[in-house]
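See structure below.
The structure presented is a predicted model; accordingly, all values stated were derived computationally and were not measured.
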Amino acid sequence: MRRGRILIFLVLIVVVGLGLLALLYFQFNNPTPQATQAVLTEVFYAAQNIPQGTTITREMLGTFSIPPENVAEVMFTTSEESALVGQTARLTLDQGTLITSSMVGSGPVEISGPRWAVQIPSGMVAAAIPTNRLALGGYAVNDGAHVNVNACMIFVDVDPAFQTVLPNFTSVLTGTGFQEGALPVLSVAAVSGELPSRQGRIELDPTLQQPFYTVPSENQRPRLVCQMILQDVVIMKLGNFDLQAAPAAAQPNTTPSPAQAQQQSAPDIVTLMVTPQDSISLNYFVYSGAMLSMTLRNPNDTSRFAAESATLTSLLTQYNISLPSKLPYASQPRIDVLTPPLLPNDVVTVQPQQ
């Protein structure tokens, strides 16, 4: 009996094992049909900002895939590349815009206003500021460059009421107060002329212990401060834009005037693409007499720097500059103004006398 039961268990194990083997065999040799992957269609979009009036090239385009049922007739698929490349953008296409047939056209596109206005991104404006060779880093800054803009200003103390530079001029005031039985008398002696009397202060001489009145020996010295006001600004144009003259007045063979040739070789104006608020600030800096300069930066560098204003105090502290001590001796000759040395290769231009 016991052997019979063991034999039955062995037979069952063998049958179950054979059944599992058969199931695995049929499963691997007859796999379940997978769902057929849907075929997607690739359509073109703007891979970069395309200004209005620009001829579209393949490098300006990118593709992404969408289901065939979502492809509209106005879209351009990869099979229609030849119908899109070479077309002209009828309007400014921002990066990532899906291009449709209404956005492009054949032949030149009539642009309202100056042709370079389409280069300005939406929400930005073009603002011009005066410049020179030093402010442009020796003309390393040019069209399309990314720059930081620095501004330097000078400040003076003023009288809050008069809004004039301190110190004030003084006048002699006598006869103040009231006299019994008489009308009040007030006499003012205004000082004028080449040497007006400036307002000073009373100091006590430490040796004689006598008060004396001191006045400034010169006009107030302005205080200089410099700061970075704009970062990662794009240069739209270095120099003047071309004037659009009428066709009848256009003379292509005309030799440029000396003033135009000098402006082309040494531009004195630069146009920046900034926000409307920054354009107002630039106007204030220009008309307040501030000096503006630009520093060239890597176009791929989009970082921002928390700059601190440069003043005499900050420079002495930051660079550990010590004030020279008052010694009983000095260098000779006397030096009042720092002037660069004249080198043998320096070219000195002498203007002819009229």
Side-chain angles (χ1 to χ4, degrees), residues 40-129 141-147 230-250 252 264 267 269-279 282 296-302:
L40 300 178
T41 303
E42 293 187 346
V43 294
F44 286 106
Y45 71 94
Q48 64 185 50
N49 294 331
I50 304 177
Q52 182 184 21
T54 303
T55 301
I56 297 177
T57 62
R58 183 62 182 86
E59 291 73 18
M60 301 178 182
L61 304 175
T63 60
F64 64 90
S65 302
I66 59 176
E69 59 271 16
N70 294 338
V71 178
E73 185 178 356
V74 295
M75 299 179 184
F76 290 93
T77 62
T78 51
S79 61
E80 300 172 324
E81 178 179 340
S82 59
L84 177 59
V85 175
Q87 296 289 317
T88 304
R90 292 180 176 176
L91 46 89
T92 300
L93 303 177
D94 295 330
Q95 184 178 10
T97 302
L98 179 65
I99 301 177
T100 61
S101 57
S102 62
M103 300 177 180
V104 297
S106 58
V109 176
E110 183 178 355
I111 303 174
S112 59
R115 63 181 182 275
W116 45 77
V118 298
Q119 302 176 17
I120 306 174
S122 301
M124 308 285 281
V125 295
I129 59 175
V141 175
N142 213 316
D143 297 359
H146 291 239
V147 298
L230 298 176
Q231 299 188 39
D232 198 17
V233 177
V234 178
I235 301 294
M236 182 177 181
K237 178 69 176 178
L238 177 60
N240 294 331
F241 289 91
D242 298 330
L243 298 178
Q244 293 179 334
Q264 294 174 2
I269 192 170
V270 61
T271 304
L272 312 176
M273 288 189 288
V274 296
T275 64
Q277 182 60 50
D278 288 338
S279 68
L282 287 176
L296 184 64
R297 59 184 293 163
N298 191 316
N300 298 323
D301 181 13
T302 59

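- Rounded to the nearest 0.5 Å, atoms OG1 (Thr302) and CG (Asp232) are 7.0 Å apart.
- Across Val274 and Ser279, no two heavy atoms sit closer than the pair CG2-N, 3.8 Å.
- Here the OG1-CE distance, from Thr57 to Met60, works out to 4.0 Å after rounding to the nearest 0.5 Å.
- Residues Thr63 and Glu42 approach most closely at OG1-OE1, 3.9 Å, considering heavy atoms.
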Discussion item. With side chain to side chain contact (heavy atoms under 4.5 Å, CB included) as the criterion, how do Leu93 and Thr54 come out once you've worked through the C-alpha distance, each side chain's angles and the decisive distance to 0.1 Å?
Written reply: CA-CA 10 Å; Leu93 303 177; Thr54 303; over 6 Å; no
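- You'll find the side chain of Met236 reaches within 4.5 Å of the side chain of Phe241, heavy atoms only.
- Between Phe64 and Leu98 the shortest heavy-atom distance is CZ-CD1, 3.7 Å.
- For the pair Glu80 (side chain) and Thr77 (backbone), a donor-acceptor distance under 3.5 Å is present.
- Atom CG of Asp278 is separated from atom CG of Leu230 by 4.5 Å, given to the nearest 0.5 angstrom.
- Counting only distance, with no hydrogens or angles, the side chain of Arg90 and the backbone of Val104 share a donor-acceptor pair below 3.5 Å.
- Residues Ile129 and Val270 form a side-chain contact, since some pair of their non-hydrogen atoms from C-beta on lies under 4.5 Å apart.
- Between Gln87 and Ser106, the shortest heavy-atom distance links the atoms OE1-N, 3.1 Å.
- The OG1 atom of Thr41 sits 9.5 Å away from the CG atom of Asn70 when rounded to the nearest 0.5 Å.
- For Thr55 against Gly86, the heavy-atom pair with the smallest separation is CG2-O, 3.8 Å.
- With hydrogens and angles left out, the side-chain atoms of Thr97 and Asp94 include no donor and acceptor closer than 3.5 Å.
- Among all heavy-atom pairs drawn from Asp242 and Trp116, the shortest one is O-CH2, 3.1 Å.
- A distance of 7.5 Å separates OH in Tyr45 from CD in Gln95, rounded to the nearest 0.5 Å.
- Here the CE atom belonging to Met75 is positioned 12.0 Å from the CD1 atom belonging to Ile99, to the nearest 0.5 angstrom.
- By the 4.5 Å heavy-atom criterion applied to side chains, Val71 and Ile66 are counted as neighbours.
- Counting heavy atoms from C-beta outward, Arg297 and Gln231 have side chains that approach closer than 4.5 Å.
- Leu238 is not listed as a side-chain neighbour of Val141, based on a closest heavy-atom distance of 4.5 Å or more.
- The side-chain heavy atoms of Ile56 and Thr88, taken from C-beta on, include no pair separated by under 4.5 Å.
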